[in-house]
There are 2 protein chains.
Amino acid sequence: MSQPDPRPDRAPAPGFLAAPPGALVPPRRRPPTEHEHESPDAWGFRDTYFRINERGHAVLEGNRYELSGQELTEFLPWMRRSFGVPLEPAAARPSRYPPAVPEPRHNPAFRAELEKFLPAAAICEDPLARLRRGHGHTLTELYSIRYGRLARVPDLVLFPRDEAEVERIVQAARAHGACLIPYGGGTNVSEALRCPPEEQRLIACVDLRELDQLLWLDPHNRMACIQAGAVGRHIAAQLRELGFTLGHEPDSLEHSTLGGWIATHASGMKKNRYGNIEDIVLDAEVVTAGGRLARAQALPRESTGLAPGRWIFGSEGNLGIVTRAVLRVSPLPELQQYDSALFPDFASGVEFLRELAHAGAAPASVRLLDNLQFQFGQALRTPRAGLAALRGRAERAFVTRVRGFSLEQMCACTFVFEGSRDQVRAQRRTAARLLRRHGGLRAGAENGRRGYQLTFSIAYIRDFALELGLLAESFETSIAWSQVVPLCTAVKARLAREHAARGLPGRPLVSCRVTQVYATGACVYFYFAFAGHGVEQPHEVYAELERAGRDEVLRAGGALSHHHGVGKLRQRFLPRILSPAALEWTAALKRGVDPDNVFGAGNLWRP
Amino acid sequence: MSQPDPRPDRAPAPGFLAAPPGALVPPRRRPPTEHEHESPDAWGFRDTYFRINERGHAVLEGNRYELSGQELTEFLPWMRRSFGVPLEPAAARPSRYPPAVPEPRHNPAFRAELEKFLPAAAICEDPLARLRRGHGHTLTELYSIRYGRLARVPDLVLFPRDEAEVERIVQAARAHGACLIPYGGGTNVSEALRCPPEEQRLIACVDLRELDQLLWLDPHNRMACIQAGAVGRHIAAQLRELGFTLGHEPDSLEHSTLGGWIATHASGMKKNRYGNIEDIVLDAEVVTAGGRLARAQALPRESTGLAPGRWIFGSEGNLGIVTRAVLRVSPLPELQQYDSALFPDFASGVEFLRELAHAGAAPASVRLLDNLQFQFGQALRTPRAGLAALRGRAERAFVTRVRGFSLEQMCACTFVFEGSRDQVRAQRRTAARLLRRHGGLRAGAENGRRGYQLTFSIAYIRDFALELGLLAESFETSIAWSQVVPLCTAVKARLAREHAARGLPGRPLVSCRVTQVYATGACVYFYFAFAGHGVEQPHEVYAELERAGRDEVLRAGGALSHHHGVGKLRQRFLPRILSPAALEWTAALKRGVDPDNVFGAGNLWRP
């Protein structure tokens with residue numbers, strides 16, 4: 001046997017995902033403009049929000065989306081009928097934002113250390129800046145900043161300009177007993193940013209917004225190196241100019257960041273073609289309490305033992321700060337086509353999706369909406385005039401009279417086909433064949449396009465509804481195909497029972513959609529809403545009901561989450577999905593790599 | 001804000017990847033027959049081996065493969081010309097197996113504990129059984145058991161019959177200070193099974209051969225639950241009878257096990273269609289020093305924080321024993337077609353592969369052989385007679401005279417197309433289009449089929465060559481597309497230099513093939529051989545040269561390994577690919593989850 005060489009074969013310490021020969025280094029992206037400012041107390045851009053106009057109709061302000069500026073005459077009437085409550089504009093409860101913000105704690109030694117390398121503008125104690133970084137976008141968090149308060153928010157917000165500054169911040173925190181919470185887009189819906197109220201140390205939020213550059217693009221090898229603070233819409237725009245795309249399109253694309261995608265193990269709407277975040281990221285660089293996790297270069301695929309760089313997926317800020325990653329890029333597709341279909345009922349649509357996933361030619365995106373969501377989409381239609389209205393009525397008559405679909409049962413499916421001409425043709429042919437087999441009916445490209453694009457504007461409805469006294473949120477899971485329909489039935493029934501048992505006003509709305517398909521199962525999204533009029537602390541009632549819904553998901557055999565993550569919202573459920581030894585492994589890793597709990601966000605498992 | 005519920009929502013402890021409703025539970029597989037016995041001192045089945053017949057020609061004994069029983073008249077002459085050494089059958093050096101086997105160490109308390117729950121037949125001290133479990137299939141290991149000895153082998157071999165017995169073995173080892181090394185197929189080429197000579201404790205090999213059942217198959221959800229000791233060929237045969245396949249076909253398929261695939265982060269030849277092992281495994285159950293890593297059910301995809309079940313990929317026996325996994329299965333493809341092509345040179349073939357990977361319609365398998373491997377394949381041809389020989393000559397004339405290919409430059413590519421009729425058509429059309437663009441020439445289905453199937457028989461050549469005094473082994477990497485050709489050039493040049501610098505006899509052979517393609521790069525295999533005649537300790541010289549080759553791979557920007565893993569063979573190189581913090585993370589996990597080093601195989605990083 002050969003004896004091991006006593007002197008390990010050392011080379012200079014690995015570099016930091018350096019650009020391969022031939023890579024492009026694009027010019028620095030310009031900083032965000034006024035146009036890009038976000039609302040502090042609601043989802044999305046400041047220039048975009050729903051309001052009720054002088055004729056009593058809902059309107060989406062601004063001009064970003066197709067829906068923007070349209071008078072939605074059907075929307076409020078549909079909501080009133082569905083919830084069985086009046087929803088009077090006069091009774092609306094405007095946001096009382098901002099709430100009182102807790103005074104910051106101080107750690108003079110930490111601050112003195114920071115001032116050695118950070119300019120004054122990069123160390124921020126502004127109350128609203130601190131407030132914003134103490135929450136994500138759960139209903140409870142939004143309710144709290146509008147009508148209540150947050151018990152604890154970061155004491156300091158830091159804006160490092162490069163990886164070296166991130167490293168020095170971490171070293172300073174470790175040396176001087178501060179707690180760090182990384183911040184990307186602030187879009188999580190898991191209470192991952194909620195500061196642990198019991199934390200006695202100064203909490204510094206490390207906001208990565210300055211680390212937002214596309215560092216290099218290698219078209220030959222289809223890789224790009226991007227900093228973790230880069231926002232999805234900027235990444236998409238910059239790559240598009242260069243002829244490429246990541247293909248990663250979470251619903252939060254406009255506001256979430258690369259680092260957030262990695263930390264939450266994200267999934268995008270086009271994952272069938274491009275993969276989930278773990279398929280797209282080749283390697284990530286992470287600043288940890290013990291130094292940088294770094295690699296000389298990113299590689300297509302490896303078997304080199306334990307891969308700590310990949311443990312950062314799903315780490316939710318608990319293990320370190322992702323600073324950059326090398327990702328696989330894809331050229332912009334030759335063709336992009338939308339389409340849509342109707343199914344007589346949800347179960348037919350689910351079987352269609354299963355066979356589509358199994359046929360191995362799934363469109364980039366395919367989503368199935370249950371009847372309630374289909375109706376909801378109809379209620380968001382703008383009034384048609386002339387021929388268009390006639391055609392709408394004619395179509396409806398065909399679907400219901402000729403094909404015998406029930407307006408109370410039918411479901412809608414939207415498609416985005418992407419790829420080469422041949423690939424799109426093959427995807428369409430497969431979809432058409434399976435559509436026939438499952439009694440589906442094509443409903444046109446325009447409905448498909450509209451349905452897909454609606455994703456970005458309907459995200460604004462939840463916070464508008466809150467002003468009208470409605471409490472709403474979504475939660476999601478993944479589950480084996482055979483359990484999809486039983487799961488949906490069980491969750492709807494459970495939430496209806498819980499709603500009735502509490503004597504809450506009106507009727508609850510529970511709706512679902514299938515958003516991602518796999519050979520083995522699917523991702524299912526639930527939307528749950530109820531009227532909170534006259535209910536004490538309605539957001540706490542909501543949280544209770546959501547927990548009941550989650551309990552039902554787990555009973556039915558679903559995942560704790562498909563892509564939202566655990567945060568603090570779902571951590572209580574971890575012992576139901578992981579054995580004690582598995583929980584202990586996660587705790588052991590945390591103790592081992594961050595013994596001082598520098599990254600004290602307190603998400604995931606806390607024994 | 002909602003307050004965390006002080007009483008976590010606990011349910012009964014998760015079960016063990018239970019069968020979903022509707023899953024099939026197939027009958028128990030019958031035990032292996034005599035026909036399946038493996039050679040103790042060479043690759044593969046006992047009934048299959050190369051020898052030189054009475055006419056001085058190489059023959060593959062047995063009847064398992066196409067090559068079996070054929071008189072290979074061209075093979076030895078080609079080898080003599082290539083290595084520039086005589087390779088006289090009379091000078092062959094037959095295996096001196098078995099070597100002296102070290103006496104076993106004893107641990108009476110551990111043994112007494114084992115005897116409480118294991119039958120006598122499941123506790124084995126037989127020297128040859130212990131010897132076999134102390135090595136894999138590296139050249140150095142084979143040389144050592146044939147012509148030298150192993151310094152340390154397991155002191156005991158255990159054959160648990162179920163997961164509960166594995167758990168009790170681990171508890172006993174922890175309680176009584178024994179060291180455990182899991183064993184699957186024993187096919188690794190990383191010295192992962194070599195017992196650390198400094199280990200003072202009793203070393204027990206935990207052989208999983210009794211945990212070899214397909215526990216359930218769920219055709220609707222395309223999942224199967226399989227025990228970790230199941231051997232690839234048995235899994236494939238049993239699933240085939242039920243109409244399914246894993247699609248995971250490593251070169252070692254006939255002998256390696258599911259548990260080994262997971263522990264080494266394996267990759268199969270058909271990964272383009274079916275994915276690598278991490279894409280196929282939904283969830284694994286692992287017996288660890290702290291209990292079972294277990295889940296109630298396997299799910300399509302999750303975001304539930306840290307995922308310890310996935311840290312076991314690439315753990316190489318250091319963290320626990322995989323006992324079962326739920327895997328994604330695929331129906332047998334409607335169509336399977338072979339094909340092959342010739343390219344004027346290697347660089348054209350590499351560009352063809354890159355564009356094929358980028359076109360998104362890659363065949364299930366596509367492999368590119370450099371000129372030397374192409375010649376090697378020609379030398380393994382059986383003599384043609386009559387028309388066939390004429391056709392062979394005619395083809396050769398066409399390729400070289402009409403198309404101007406040089407016999408010393410041209411390369412071969414083999415294809416396996418799988419899928420639906422439409423998918424195979426699309427794959428073939430794409431391949432044909434790109435073939436034209438890169439000056440390739442179709443070389444027929446028969447050559448493609450033969451090339452793919454040859455994989456299993458050429459695995460026997462290395463150990464035959466050893467008897468003739470040739471030292472040979474393969475090593476592999478993954479690398480970005482732009483670096484593939486520079487890498488191959490650099491490694492060939494370096495090994496030629498190292499060979500010359502040592503004044504070794506004859507000429508070295510260095511050859512390469514591209515075996516797996518990704519959007520971002522490829523897996524490259526090197527085959528390196530030299531004549532060891534008259535060389536002192538030639539296996540140690542080989543190890544030195546292989547290290548030089550690996551150094552060159554890392555300099556060129558390649559991975560330490562694409563799918564073979566680290567073991568003890570490559571652990572010295574880890575500091576060149578992982579930063580100190582990353583190495584410390586792996587060490588911290590090991591300390592945290594196996595504080596007594598129960599799983600003391602000593603692979604991966606040892607600080």
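Since the structure is predicted, the reported quantities are computational estimates derived from the model, not experimental observations. A note on names: the letters A, B, ... follow the listed sequences, proteins ahead of strands, and every chain is numbered from 1. Note that these values count all heavy atoms, side chains included, but never hydrogens, waters or copies made by symmetry.
B/Thr586 touches chain A through backbone and side chain together, each having a heavy atom under 4.5 Å away. Interface remark: B/Ala587 contributes no atoms to any contact with chain A (heavy atom separation under 4.5 Å). Looking at B/Glu316, the atoms closer than 4.5 Å to chain A (heavy atoms on both sides) all sit in the side chain, from C-beta outward. Both the backbone and the side chain of B/Leu319 have a heavy atom closer than 4.5 Å to some heavy atom of chain A. With a 4.5 angstrom heavy-atom cutoff, B/Ala357 does not touch chain A via any of its atoms. Residue A/Ala307: no heavy atom, backbone or side chain, is found under 4.5 Å from chain B. Neither the backbone nor the side chain of B/His135 comes within less than 4.5 Å of any heavy atom in chain A. For chain A, the nearby part of B/Glu351 is the side chain; its heavy atoms alone come within less than 4.5 Å. Proximity to chain A (any heavy atom under 4.5 Å) is shown, for B/Gln537, by neither the backbone nor the side chain. Neither the backbone nor the side chain of B/Tyr542 comes within less than 4.5 Å of any heavy atom of chain A. Using a 4.5 Å cut-off between heavy atoms, A/Gln516 makes no contact with chain B at all. The contact between B/His563 and chain A is made by backbone and side chain atoms together, counting heavy-atom distances below 4.5 Å. Contacts of B/Ala426 with chain A are absent, with no heavy-atom separation under 4.5 Å from either backbone or side chain.
Of the possible donor and acceptor atoms, one in the side chain of A/Arg295 sits under 3.5 Å from a partner among the backbone N and O of B/Ile577. Looking at A/Asn221, its side chain does come within 3.5 Å of a backbone N or O of B/Ser482 through a donor-acceptor pair. Looking only at distances, no side-chain donor or acceptor of A/Ser303 sits under 3.5 Å from a matching main-chain atom of B/Ser561. Of the possible polar contacts, one joining the A/Arg301 side chain to the B/His562 backbone as a donor-acceptor pair under 3.5 Å is found.
Between chain A and the residues B/His564, B/Lys568, B/His358, the most heavy-atom pairs under 4.5 angstrom are made by B/His358. Taking chain A as the reference chain and counting heavy-atom pairs below 4.5 Å, the highest number among B/Gly565, B/Gly290, B/Gly592 is found for B/Gly565. Contact count against chain A (heavy-atom pairs under 4.5 Å) is highest for B/Pro308 among B/Pro308, B/Gly521, B/Gly291. Interface summary for chain B: among A/Ala582, A/Ala263, A/Gly148, the most heavy-atom pairs under 4.5 angstrom belong to A/Ala582. Among B/Asn603, B/Leu282, B/Val286, B/Asn276, the residue with the largest count of heavy-atom pairs under 4.5 Å with chain A is B/Asn276. If you tally non-hydrogen atom pairs under 4.5 Å between each of A/Ser315, A/Gly557, A/Ala519, A/Gly567 and chain B, the highest count goes to A/Gly557.
Contact between B/Ala588 and A/Val593 at its shortest, heavy atoms only, is CB-CG1, 4.1 Å. The two residues B/Ser579 and A/Ala294 make their nearest non-hydrogen contact at OG-N, 3.1 Å. The minimum heavy-atom distance between B/Thr288 and A/Ala581, with the atom names listed, is OG1-CB, 4.4 Å. For the pair B/Gln423 and A/Ala359, the tightest heavy-atom approach, listed with the atom from each and the gap, is NE2-O, 3.0 Å.
With contacts defined as side-chain heavy-atom distances shorter than 4.5 Å, the pair B/Arg310/A/Glu278 does not qualify. Looking at heavy atoms from C-beta onward, A/Thr304 lies out of side-chain contact with B/Leu604 at the 4.5 angstrom threshold. Using a 4.5 Å heavy-atom cutoff, the side chains of A/Leu306 and B/Trp585 are not in contact. Side-chain contact check for A/Glu302 versus B/His265: every heavy-atom pair is 4.5 Å or farther apart. A/Arg354 has its side chain within reach of B/His220: a pair of non-hydrogen atoms, C-beta onward, lies under 4.5 Å apart. Considering only heavy atoms from C-beta on, A/Arg429 comes within 4.5 Å of B/Asp422 through its side chain.
Taking the six-membered ring where tryptophan is involved, the planes of B/Trp311 and A/Trp311 are tilted, since the angle between them lies from 30° to 60°.
Interatomic distance, A/Leu299 CG to B/Thr520 OG1, rounded to the nearest 0.5 Å: 8.5 Å.
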